[in-house]
Amino acid sequence: MAKLKVLFIILLIVVVAFSAGLFAYLSGIGAVDSDDTEDVSVVIPQGSGASAIVEILDDAGLVKNPTFAKINARIGGYDSLQANTYIFNKSMTLPEMMKAINTGDFDYISKTAFRVAEGYRLTQSAEALASVTPYSAKEVLAKWDDETYVRELIDKYWFLTDDVLDDDVIHPLEGYLFPDTYFIMDTEPSIESITELALDRMDAVLTERKSEIENSNYSVHEFLTLASIVTKEGCATDEDAAHIAGVFVNRLKKDMSLGSDVTVCYIFDEDRVDLKVSQLESDSPYNARKVSGLIPGPICAVPEIAIDGVLNYADTDDMFFYAGPDGTIYYAKTNEEHEKNVQAHPWTEEDLEQ
């Protein structure tokens, strides 16, 4: 009987000790402060192991007990830890943070968004980037226009050629940043690293269509130039993108001017329908109302719908088109038909103000 009592006491001590140890362990990997939800940015470098990550979290004040945290790191099954910049807070437990890092949980990844909108001129993209980084739009544009930097990019990307450095080209990278939203993960991103996000995306889009572009009658630079004009003229639907491209191709084949006012807008870095006569008479090589053939380079960010529209341009006899105030595009084979469309669907002062 005495032996049973001793065994019971020993067992009780073991249970109590185990429970105390388990409580201490669970507490040690718990939240540092359950009431503190202030964001804490943590950078996890490539190749970091679980123990190293615990140290990084500890340095950021996110670990309650480093010893128990490292035990959890060893036994937690964290076998696919992903480098990135994460946003945590002190109300999170260690397992919650480690799980987020192990899965690359998008909800916890730093997401500073930089958006290149469809039809954006490079100046507008520079302003967009400046709004989410420490750089000014002037600094961004200066980097994008820097010949030395552009030559480095030409060496890296097959679709960038010396054509972008032609003396008549206003901005070498105009039309080459693919329109999309880019999430900047670095806490101190460089203009170069962000630029390459957009160029990598363009690389993927153009590489998928590389053979088709090579089989067209245009160089990549000419192709994107035409696609950019289609973009600004209106490509809300696949049909309009292809039809507008078909009209332009017809005019190019006849060595006519494209007659596109959006190219004049580009010269003056603005978007407007009611261009001044002095603007329309500009002698810039970008004025497609006056010069025959293609202008020196793209005028905006080019979406896939315009790229595919040029690749699959409509087989049409139309030589003119006109965008009405409601967005409808009217096509015509002759100038007389075109003028009738313009007169039938005029822009009013109210339309221009909207």
4.5 Å side-chain heavy-atom contact, L81 and S48:
no
Please test I29 against T93 for side-chain contact (heavy atoms from CB on, under 4.5 Å), starting from the C-alpha separation and ending with a verdict.
CA-CA 6 Å; I29 62 173; T93 66; over 6 Å; no
Looking at D283, is its backbone amide N or carbonyl O close enough to the side chain of N287 to form a donor-acceptor pair, meaning the two atoms are under 3.5 Å apart?
no
Given side chains that start at C-beta, do those of V43 and Y86 come closer than 4.5 Å, heavy atoms only?
no
What's the verdict on side-chain contact (heavy atoms from CB on, under 4.5 Å) for D308 and L311, showing C-alpha distance, side-chain angles and the deciding distance?
CA-CA 5 Å; D308 289 334; L311 283 176; 4.2 Å; yes
D105 and T103: side chain donor to acceptor below 3.5 Å
no
Salt bridge (charged side-chain N to carboxylate O under 4.0 Å, His left out) evaluation trace for K138 with E127:
CA-CA 8 Å; K138 185 177 180 180; E127 291 169 359; over 6 Å; no
Side-chain heavy-atom pair H221, Y176 within 4.5 angstrom cut-off
yes
Applying side-chain contact (heavy atoms from CB on, under 4.5 Å), name anything that partners K90, two or more places apart in sequence or on another chain.
V32, D33, D36, L62
Any donor-acceptor N/O pair, S193 side chain to P189 backbone, under 3.5 Å:
no
Any chance CZ of F114 has more than 12 other-residue heavy atoms, nucleotides or ligands included, within less than 6.0 Å?
yes
So, N250 side chain and T316 main chain: donor-acceptor pair closer than 3.5 Å or not?
yes
Can we say E281 and K276 salt-bridge, meaning some charged N sits less than 4.0 Å from an Asp/Glu carboxylate O?
no
Hey, does N72 have a side-chain heavy atom less than 4.5 Å from the side chain of V54?
no
Any side-chain heavy atom of Y266 within less than 4.5 Å of one from I170?
yes
Just by distance, no angles: are the side chains of S260 and T263 close enough, under 3.5 Å, to form a donor-acceptor pair?
no
Between E196 and R201, does any NZ, NE, NH1 or NH2 come within less than 4.0 Å of an OD or OE carboxylate oxygen?
no
Quick one: do L177 and Y149 end up in the same hydrophobic cluster if we chain Ile, Leu, Val, Met, Phe, Trp and Tyr together by side-chain heavy atoms under 4.5 Å apart?
yes
Pair Y330, E337: side-chain N/O donor-acceptor within cut-off below 3.5 Å:
no
Going by the side-chain hydrogen bond (donor to acceptor under 3.5 Å, both in side chains) test, which pairs reach into residues 158-172, not counting sequence neighbours?
D145-H171, W158-D203, W158-T207, T161-D163
Enumerate donor-acceptor pairs with a distance under 3.5 Å from any side-chain N or O in residues 235-242 to protein atoms, sequence neighbours excluded.
| from | atom 1 | to | atom 2 | distance (Å) |
| --- | --- | --- | --- | --- |
| T237 | OG1 | D240 | N | 3.0 |
| D240 | OD1 | Y331 | OH | 2.7 |

Should the pair D271-R121 be classified as a salt bridge under the 4.0 Å nitrogen-to-oxygen rule?
yes
Would you please say whether a donor-acceptor pair under 3.5 Å links the side chains of S257 and K290?
no
Just so I know, are the side chains of R209 and I307 near enough to count as touching, which here means a heavy-atom distance under 4.5 Å?
yes
Under the rule for ring pair (Phe, Tyr, Trp, His ring centres under 6.0 Å), what residues qualify as partners of F321, not counting sequence neighbours?
F248
Partner set under side-chain contact (heavy atoms from CB on, under 4.5 Å) for V342, not counting sequence neighbours
Y322, H338
Working note: I191 + K143, criterion side-chain contact (heavy atoms from CB on, under 4.5 Å); need CA distance, chi angles, decisive distance, verdict.
CA-CA 8 Å; I191 297 173; K143 172 58 67 174; 3.7 Å; yes
If you compare all heavy atoms of A69 against all heavy atoms of V63, which two are closest, and at what distance to 0.1 Å?
CB-CG1, 3.6 Å
Tell me whether L165 shares a hydrophobic cluster with V169, the cluster being built from Ile, Leu, Val, Met, Phe, Trp, Tyr side chains joined at under 4.5 Å.
yes
As a quick check of understanding, evaluate ring-ring contact (aromatic ring centres under 6.0 Å, His included) for Y286 and F268, giving each step before the final call.
CA-CA 10 Å; Y286 278 86; F268 297 95; over 10 Å; no
Shared-cluster residues of M319, by chain and number - hydrophobic side chains joined below 4.5 Å
M256, F320
